[in-house]
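Written below as structure tokens is the structure these notes are about.
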Amino acid sequence: DDPEKLTTFQARIDSGEKIEPKDWMPEGYRKTLIRQIGQHAHSEIVGQLPEGNWITRAPTLERKAILLAKVQDEAGHGLYLYGAAETLGVSRDELTEMLLDGRMKYSSIFNYPTLTWADMGAVGLLVDGAAIMNQVPLQRTSYGPYSRAMIRICKEESFHQRQGYHIMMKMAQGTTAQKKMAQDALNRFWYPSLMMFGPSDKDSVHSAQSMAWKIKMNTNDELRQKFVDQTVPQAEFLGLTVPDKTLRWNEDKGGYDFAEPDWSEFFDVIKGNGPCNTERLAARNKAWDDGAWVRDGLMAHAAKKRAAKLA
Ligand code: FAQ
């Protein structure tokens, strides 16, 4: 890249200007955005599966309607994000193919199973809670289309977190068996949720450059700390216990000291060896293959229309 162009570009970032699709940008900036926005989009799409698992088994019609709406929102979030990625010169089909053959990642969290109805509460409370903590600062990210997608997504995401909290509250105030289910769901989702923020700062290969470009606004550890500080009082209010015996309020830092997740498990999950990796990718591949006739039909129809116009 031309050093003069690089300096001007960095000055625009430093002054808080947004970078738009037709502006000059370093190749690394473009590639990093495609990786992060693409991974984010894939997470929304794969993230429909663990909750989709409970739509037919929701305990009431009202809960079913709410869950259905939430999963539908996630499809929408995926589409806004694919749209933002497409402005960087990559097509949605290319991104999808990279997800399906394992060249691109999606969030580690969606490789864990949802075993009971209380998991819908834990996903809302913890997974959406972590997602918002990460996404709110991304509304100020330097790339215009990503920033605008984040603004719309955050509005819906805060409703998602609250619906999770409400499920957890009902379960925690229910029968002994229901309270036990809520506690069990919190126990299973706690550490995987902490992993959503990515590896600890010393192992985060992309953070320094991504923060200099304001693609990321905070480090992984900063956001993880904020998430713990926000979530522990919520769990306490519900009468539930965070599964961390080392958890202590630290007056000096004004935040909790907490146990790190098992990072070897995290790296194993992102390599493809989590409890549900195979199942999740198989489900997405099946959906893509089953939809081939629709895509082919639409393309054939469009070609016919074009030919008729030319004739
Ligand atoms: N899972 O150098 P860093 C949602 C990879 S929310 C898998 O720290 P970076 C809403 C990383 O790609 C979830 N892989 O990376 C919802 C890199 O590998 P690479 C989606 C991970 O990018 C809720 C390597 O580790 N949200 O879907 C993870 O600077 C409920 C080194 O890591 C976003 O994607 C992980 N957790 O920071 C939907 C937010 N963490 O590519 C349904 C946007 C790291 O070199 C239901 N993304 N890796 O092979 C980000 O903010 C960042 O990309 C981070 C990672 C913070 C996730």
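As the structure lists them, so they are numbered: ligands from 1, and atoms in each ligand from 1.
The hydrophobic clustering, which links ILVMFWY residues whose side-chain heavy atoms are closer than 4.5 Å, places Tyr256 and Met133 together. In this structure, Leu238 is a member of the same hydrophobic cluster as Leu247, with clusters built from ILVMFWY side-chain heavy atoms closer than 4.5 Å.
Near Tyr106, the atoms of ligand 1 lying under 4.0 angstrom from a non-hydrogen atom of the residue are 1 (N), 7 (C). Atoms of ligand 1 found under 4.0 Å from any heavy atom of Asn220, numbered from 1 in the order shown, are 8 (O), 56 (C). Interface atoms of ligand 1 facing Ala131, defined by a heavy-atom separation under 4.0 Å, are 6 (S), 10 (C). With ligand atoms numbered from 1 in the order given, ligand 1 contributes 36 (N) to contacts under 4.0 Å with heavy atoms of Met195. Each of the following atoms of ligand 1 lies closer than 4.0 Å to a heavy atom of Val127: 23 (C), 30 (C). For ligand 1, the atoms sitting less than 4.0 Å from at least one non-hydrogen atom of Gly198 are 40 (N), 44 (C), numbered in the order shown with element in parentheses. For ligand 1, the atoms closer than 4.0 angstrom to any heavy atom of Gly47 are 42 (C), 46 (C). Residue Ser43 has at least one heavy-atom neighbour below 4.0 Å for each of these atoms of ligand 1: 13 (C), 20 (C), 27 (O).
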- request: For the pair Asp184 and Arg188, evaluate salt bridge (charged side-chain N to carboxylate O under 4.0 Å, His left out) and give the outcome as yes or no after the intermediate values.
  value: CA-CA 6 Å; Asp184 170 62; Arg188 282 181 290 105; 3.0 Å; yes
message: Walk me through whether Lys70 and Asp128 qualify under salt bridge (charged side-chain N to carboxylate O under 4.0 Å, His left out).
response: CA-CA 11 Å; Lys70 177 180 193 274; Asp128 289 290; 2.8 Å; yes
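With hydrogens and angles left out, the side-chain atoms of Gln36 and Tyr146 include a donor and acceptor closer than 3.5 Å. In this model, no donor atom of one side chain and acceptor atom of the other lie less than 3.5 Å apart for His166 and Gln163. Using a 3.5 Å distance cut-off with no hydrogens or angles, the side chains of Asp93 and Ser91 do not pair a donor with an acceptor. Counted by atom type alone, Ser207 and Lys216 present one or more donor-acceptor pairs between their side chains at under 3.5 Å. Using modelled atom types, one finds a donor on one side chain and an acceptor on the other under 3.5 Å when comparing Asp201 with Thr219. For Arg306 and His301, the side-chain atoms include no donor-acceptor pair closer than 3.5 Å. Between the side chains of Gln225 and Lys253, at least one donor-acceptor pair of N or O atoms lies under 3.5 Å.
Within a 4.0 Å radius of atom 24 (C) of ligand 1, the protein has no heavy atom. Protein non-hydrogen atoms do not reach within 4.0 Å of atom 54 (C) of ligand 1.
Ring geometry for Phe266 against Trp263 counts as perpendicular: the plane angle is over 60°, on a 0 to 90° scale with 30° as the lower cut. Between Tyr165 and Phe237, the two ring planes are parallel [angle under 30°; tilted spans 30° to 60°].
The aromatic ring centroids of Tyr82 and His42 lie less than 6.0 Å from each other. Ring centers of Phe189 and Tyr112: at least 6.0 Å apart, outside the cut-off.
The backbone and the side chain of His40 each have at least one atom closer than 4.0 Å to an atom of ligand 1 (non-hydrogen atoms only). At a 4.0 Å heavy-atom cut-off, ligand 1 touches Phe266 through the side chain alone. Only the side chain of Ile270 comes within contact range of ligand 1, with a heavy atom under 4.0 Å; no backbone atom does. Contacts between Val269 and ligand 1 below 4.0 angstrom, taking non-hydrogen atoms only, are absent altogether. Of the heavy atoms in Phe110, only side-chain atoms (C-beta onward) come closer than 4.0 Å to ligand 1. Residue Gln48 does not touch ligand 1, judged by heavy-atom distances below 4.0 Å.
Looking from atom 12 (O) of ligand 1 to the surrounding protein, the closest heavy atom is Gln39 OE1, 3.0 Å. In this structure, the protein non-hydrogen atom closest to atom 51 (O) of ligand 1 is Asn134 ND2, 2.9 Å. Among all protein heavy atoms, the one lying closest to atom 30 (C) of ligand 1 is Asp128 OD1, 3.4 Å. Atom 46 (C) of ligand 1 has its closest protein heavy atom at Glu74 OE2, 3.3 Å. Looking from atom 19 (P) of ligand 1 to the surrounding protein, the closest heavy atom is Lys105 NZ, 3.5 Å. In terms of protein heavy-atom proximity, atom 57 (C) of ligand 1 is closest to Met196 O, 3.9 Å. Given atom 56 (C) of ligand 1, the protein heavy atom at minimum distance is Phe197 O, 3.6 Å. Looking at atom 41 (O) of ligand 1, its nearest protein heavy atom turns out to be Arg35 CD, 3.1 Å.
Residue Tyr146 places a heavy atom less than 4.0 Å from ligand 1. Assignment of His160 to the shell around ligand 1 is not supported, since no heavy atom sits closer than 4.0 Å.
Of the N or O atoms in Ser204, one or more lie within a sub-3.5 Å distance of an N or O in ligand 1. Polar contact with ligand 1: absent for Pro199 (N/O pair, distance under 3.5 Å). Between Ser108 and ligand 1, an N or O atom pair is found at a separation short of 3.5 Å. For Glu51, no nitrogen or oxygen atom sits less than 3.5 Å from a nitrogen or oxygen atom of ligand 1, counting backbone and side chain alike. Of the N or O atoms in Val123, none lie within a sub-3.5 Å distance of an N or O in ligand 1. Taking distance alone, with nitrogen or oxygen atoms compared against 3.5 Å, Ser210 stays at or beyond that limit from ligand 1.
Residues Lys286 and Asp289 are not paired through a salt bridge, judged by the lack of any N-O separation under 4.0 Å between the basic side chain and the carboxylate. Using a cutoff of 4.0 Å between basic side-chain nitrogens and carboxylate oxygens, Arg12 and Asp23 are scored as salt-bridged. The pair Arg284-Glu279 fails the salt-bridge criterion, with no side-chain N (NZ, NE, NH1 or NH2) lying under 4.0 Å from an Asp/Glu carboxylate O.
Relative to atom 37 (O) of ligand 1, the option among Lys216, His206, Glu156 with the closest non-hydrogen atom is Lys216.
Closest approach of Phe227 and Thr231 over heavy atoms only: O-OG1, 2.6 Å.
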